[in-house]
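Per chain, numbering begins at 1; letters A, B, ... match sequence-line order. Keep in mind that this is a model prediction, so the values were computed, not measured. Basis for what follows: all heavy atoms, side chains included, without hydrogens, waters or symmetry-related copies.
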Amino acid sequence: MVDLVGRVDDKLRRAFAAASLPVEGVRSVPATRPEFGDFQCNAAMALGKAAKRNPRDLAAAVAETLRRDPDFASVEVAGPGFLNLRLADAVVAGLAREQAASPTLGIAQRDSAPVLLDFGGSNVAKPLHVGHLRSLVIGESLSRLFQAQGIAVVTDVHFGDWGLQMGMLIAAIRRAHPGRAPGTVGAGIAIDEMERLYPEAAAACKADPERMAEARALTAALQAGDADARADWGALRDTSLADQKRDFDLVGARFDLFLGESDTQATVERIVPDLLARGIAERDEGAVVIAVAEPSDTRPVPPMMLEKSDGAATYATTDLATIADRAASPATARCGRYVYVVDERQSLHFTQVFRAARKAGLAPADGLVHVGFGTVNGVDGKPYKTREGGVARLRDLIGDAVAKARERVDASDPAVDAEALARQVGLAAVKWADLSTGRLGGYVFNLERMVSFEGNTGPYVQYACVRIGAIAARAVAAGARASEISLGHPAERALAMACLRLPAAVEAAAAGYAPNEIADFAFAVAQSFSRFYTECPVLAAGDAERAARLALCDLAFAVLSRALWMLGIAVPQRM
RNA sequence: GACUCCGUAGCUCAGUUGGAUAGAGCAGCCGCCUUCUAAGCGGCAGGUCGAAGGUUCGAGCCCUUCCGGAGUCGCCA
């Protein structure tokens, strides 16, 4: 077991048990100050309070056991009952060697059912904007995080291609091209025209009841299978999705399935009468709803709307039907957990759908999870707009970051593909800005920050990786070989300790659906490496030291590049 | 009105069952490139953790009230 934190916690629990103390809640945390050692344990104080005993005495009893363990260089009781632990250098070196030899770098492999990840959530005719960035980057990162744990993943973009918006759009394109026959209009609409017409149509429908009635009628016709409506719809959908796939490729979001709300139409038609017949759904005020309120609710949870009084399905209906489809489809039937990476504002919606799914017996074995995230705002706290007042397109944002990165690339080196490197660095900056903050907090969109390449940024971590790679390449050229990790200099020890936290970081990130745990970890390793880099010459060191440092470099490279991979960030050859 | 999230350094953010002197990065100031890439390293400065009470040996974290911001609240998706 390469898990450093797990090993220390294990020893702590044994020592508490040996002192006849409960082990529940006993764990280590990183020492708050370097002079306290590597880890501290605060459990004695909590236990002392519960047992009404002096925490210092409890800590002293535990310390006595731990001191007999040669793995610890020092065990001290401090203050009201802190246990300060410092590992022996040989133990750290040994663990680092184990980690270097481990194909998973010590990351615990989970034997769990595949996970279905639903993210992206783009809509027909709406260009991807900064709001989609979070879903795409967080979703892709979670996908890789699970894969790093040995868990298979199935990703579905869940395209918004159904409902009233489509009626609005079809009506608008037919109005714009009165000379073309219904059913032949959609195929002639390019993406630019579609994206221009849609917001106009939505505004017109809002302002004009007649336009709205027209849109509703077309929506109903589409859902009823009208051939012309279907033909125009299909063309619009295809054009829009093809365009969006370019953006998915651009940000590196990989999808197994490009299913949409429309794909569940047959199930929607079946599920409504079925749920009514089973008494799970009921008619109310002309609509069909499922009551999902629970006595323990601290807020009112309205019933889930299954069918509107005009007979149309809703977003909730398609989401519920999609759950049924996923359980039945060969591609997703084995998935034990469905994870939705969607804006936190839809929290209530998912509460309703998930409860309805459980009532209907549709929920997968390991449950339904909504991984929400905060909204993207401008510096004024309001939804982010460009200087021109429009939405900031994802493509343009990344273009800006890449252009900024391009300015810094050394174009004089013919071995470097400047454009490709600028794309890698610019994208890293954008992704890092998003993934390094907690997903639930409000998100202030700041272009300056997104395209800055210094300090706590993606390019900084990439740069650390690149420099390690450069050392390794020079070593190969010089015929120098790595041996085994051994630790002498404090910067070497600190770097090894940082690397050894990888398994704990992955656990924390997966448990909380929190890629920022990985970003924090990667930044700490990069910082440790940068310090090591300035303080410990590798190639200029003596033979034995050089070989040991090369081994440590190899580990740091493996760990850092694995962490960056989990964030969806590329490791360039040079910078 | 009810509920949810948020308020931490000039700015953007961390802060792990309640623990030691609240941490990073940016911006500012001072140093470091004849030596593995300075997208780097070291240092200085910067805080009544929105406010007031309470619980506790100990509160950024838990409880109460208030202030401020964002969001949601059955027939949009």
Measure [atom1]/[X] against [atom2]/[N] and give the value in whole Å, please.
| X | N | atom1 | atom2 | result |
| --- | --- | --- | --- | --- |
| A:Met212 | B:A77 | CE | C1' | 12 Å |
| A:Asp9 | B:U16 | CG | C1' | 12 Å |
| A:Gln352 | B:A77 | CD | P | 13 Å |
| A:Glu535 | B:G40 | CD | C1' | 13 Å |
| A:Arg439 | B:C13 | CZ | P | 17 Å |
| A:Arg345 | B:C3 | CZ | P | 22 Å |
| A:Asp310 | B:C75 | CG | P | 12 Å |
| A:Phe373 | B:A70 | CZ | P | 20 Å |

State which of [options] makes the closest approach to the side chain of [X].
| X | options | value |
| --- | --- | --- |
| A:Leu348 | B:G74, B:C76, B:U72 | B:U72 |
| A:Ala287 | B:C75, B:U17, B:G40 | B:C75 |
| A:Thr437 | B:A77, B:C13, B:C41 | B:C13 |

Distance-only criterion, 3.5 Å: show the donor-acceptor pairs between side-chain atoms of residues 119-130 of chain A and protein atoms not counting sequence neighbours.
from: A:Ser122; atom 1: OG; to: A:Gln244; atom 2: OE1; distance (Å): 2.5
from: A:His129; atom 1: ND1; to: A:Gly131; atom 2: N; distance (Å): 2.9

Opposite nucleotide pairing with [N], Watson-Crick or G-U, both atom distances under 3.5 Å:
| N | answer |
| --- | --- |
| B:G1 | B:C73 |
| B:C49 | none |
| B:G7 | B:C67 |
| B:G42 | B:C30 |
| B:U55 | none |
| B:U21 | none |

### Task
State the syn/anti category of B:G74 according to its glycosidic angle, syn meaning within 90° of 0.
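With its glycosidic angle within 90° of zero, B:G74 counts as syn.
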
### Task
Enter syn or anti for the glycosidic conformation of B:C30, syn applying to angles within 90° of 0.
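Nucleotide B:C30 adopts anti.
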
Roughly how many Å apart are [M] and [N], using the [atom1] atom of each and rounding to a whole number?
| N | M | atom1 | value |
| --- | --- | --- | --- |
| B:G60 | B:A14 | C1' | 12 Å |
| B:G54 | B:G1 | C1' | 28 Å |
| B:U48 | B:G7 | C1' | 15 Å |
| B:A59 | B:C49 | P | 12 Å |
| B:G18 | B:C61 | P | 12 Å |
| B:A24 | B:G15 | P | 15 Å |
| B:A38 | B:C44 | P | 23 Å |
| B:U21 | B:U4 | P | 34 Å |

### Message
For A:Gln346 and A:Glu35, find the nucleotide of RNA chain B closest to each by heavy atoms; which residue's nucleotide sits nearer the 5' end?
### Response
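Between the two, 5'-proximity favours A:Glu35.
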
### Query
Which comes earlier along RNA chain B counting from the 5' end, the contact point of A:Leu83 or that of A:Pro30, where each point is its nearest nucleotide?
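On the 5' side of the pair lies A:Pro30.
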
Distances for protein N/O vs nucleotides 23-27 of chain B N/O pairs under 3.5 angstrom?
from: B:G25; atom 1: O2'; to: A:Asn456; atom 2: N; distance (Å): 3.2

Verify the contact: side-chain N or O of [X] to OP1 or OP2 of [N], cut-off strictly under 4.0 Å; return yes or no.
| X | N | value |
| --- | --- | --- |
| A:Arg467 | B:A38 | yes |
| A:Arg216 | B:C76 | yes |
| A:Lys126 | B:C76 | no |
| A:Tyr533 | B:A39 | no |
| A:Arg531 | B:G42 | yes |
| A:Arg474 | B:U37 | yes |
| A:Tyr315 | B:A77 | no |

Under 4.0 angstrom, heavy atoms only, what part of the nucleic acid is [X] near: base, sugar-phosphate, or nothing?
| X | value |
| --- | --- |
| A:Tyr463 | base |
| A:Glu261 | sugar-phosphate |
| A:Val425 | base |
| A:Gln40 | base |
| A:Gly25 | base |
| A:Leu539 | base |
| A:Val29 | nothing |
| A:Cys536 | base |
| A:Ala475 | nothing |
| A:Asp284 | base |

### Query
Would A:Arg134 and A:Asp434 pass as an ion pair if we require N to O under 4.0 Å?
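Counted as a salt bridge, because a side-chain N and a carboxylate O are separated by less than 4.0 Å.
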
Scan side-chain atoms only and decide if [X] and [Y] contain a donor-acceptor pair under the 3.5 Å cut-off.
| X | Y | result |
| --- | --- | --- |
| A:Trp432 | A:Asn456 | yes |
| A:Ser28 | A:Asp9 | yes |
| A:Ser309 | A:Glu285 | no |

### Task
Record whether the side chain of A:Asn84 comes under 3.5 Å of the base of B:A20 through a donor-acceptor pair of N or O atoms.
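Answer is yes: a donor-acceptor pair is held.
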
### Message
Quiz question: going by heavy-atom distance under 3.5 Å, is there a donor-acceptor pair between the base of B:C75 and the side chain of A:Ser309?
### Response
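Indeed, a donor on one side and an acceptor on the other fall under 3.5 Å apart.
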
### Query
Do you know which two heavy atoms are closest between A:Ser561 and A:Cys465, and how far apart they sit?
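Of all heavy-atom pairs spanning A:Ser561 and A:Cys465, the closest is N-SG, 3.9 Å.
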
### Message
To check you understand the geometry: which heavy-atom pair defines the closest contact between A:Ala281 and A:Leu276, and what is its length?
### Response
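Residues A:Ala281 and A:Leu276, closest heavy atoms: O-CD2, 3.6 Å.
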
### Query
When you look at CD of A:Glu24, are more than 12 heavy atoms from neighbouring residues, nucleotides or ligands closer to it than 6.0 Å?
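No, the 6.0 Å shell around CD holds no more than 12 heavy atoms from other groups.
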
### By side chain to side chain contact (heavy atoms under 4.5 Å, CB included) - contacts of A:Glu454 (at least two apart)
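Partners of A:Glu454 by the side chain to side chain contact (heavy atoms under 4.5 Å, CB included) criterion, ordered by chain and then number, come out as A:Arg408.
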
### Query
Is the centre of the A:Tyr460 ring less than 6.0 Å from the centre of the A:Phe453 ring?
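Distance test on ring centres: not under 6.0 Å, no.
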
#### Entry: A:Tyr340 ring center near A:Phe354 ring center (under 6.0 Å)
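Ring centres of A:Phe354 and A:Tyr340 closer than 6.0 Å.
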
### Task
Show your reasoning for whether side-chain contact (heavy atoms from CB on, under 4.5 Å) applies to A:Tyr315 and A:Gln346.
CA-CA 11 Å; A:Tyr315 176 44; A:Gln346 298 193 34; 2.8 Å; yes

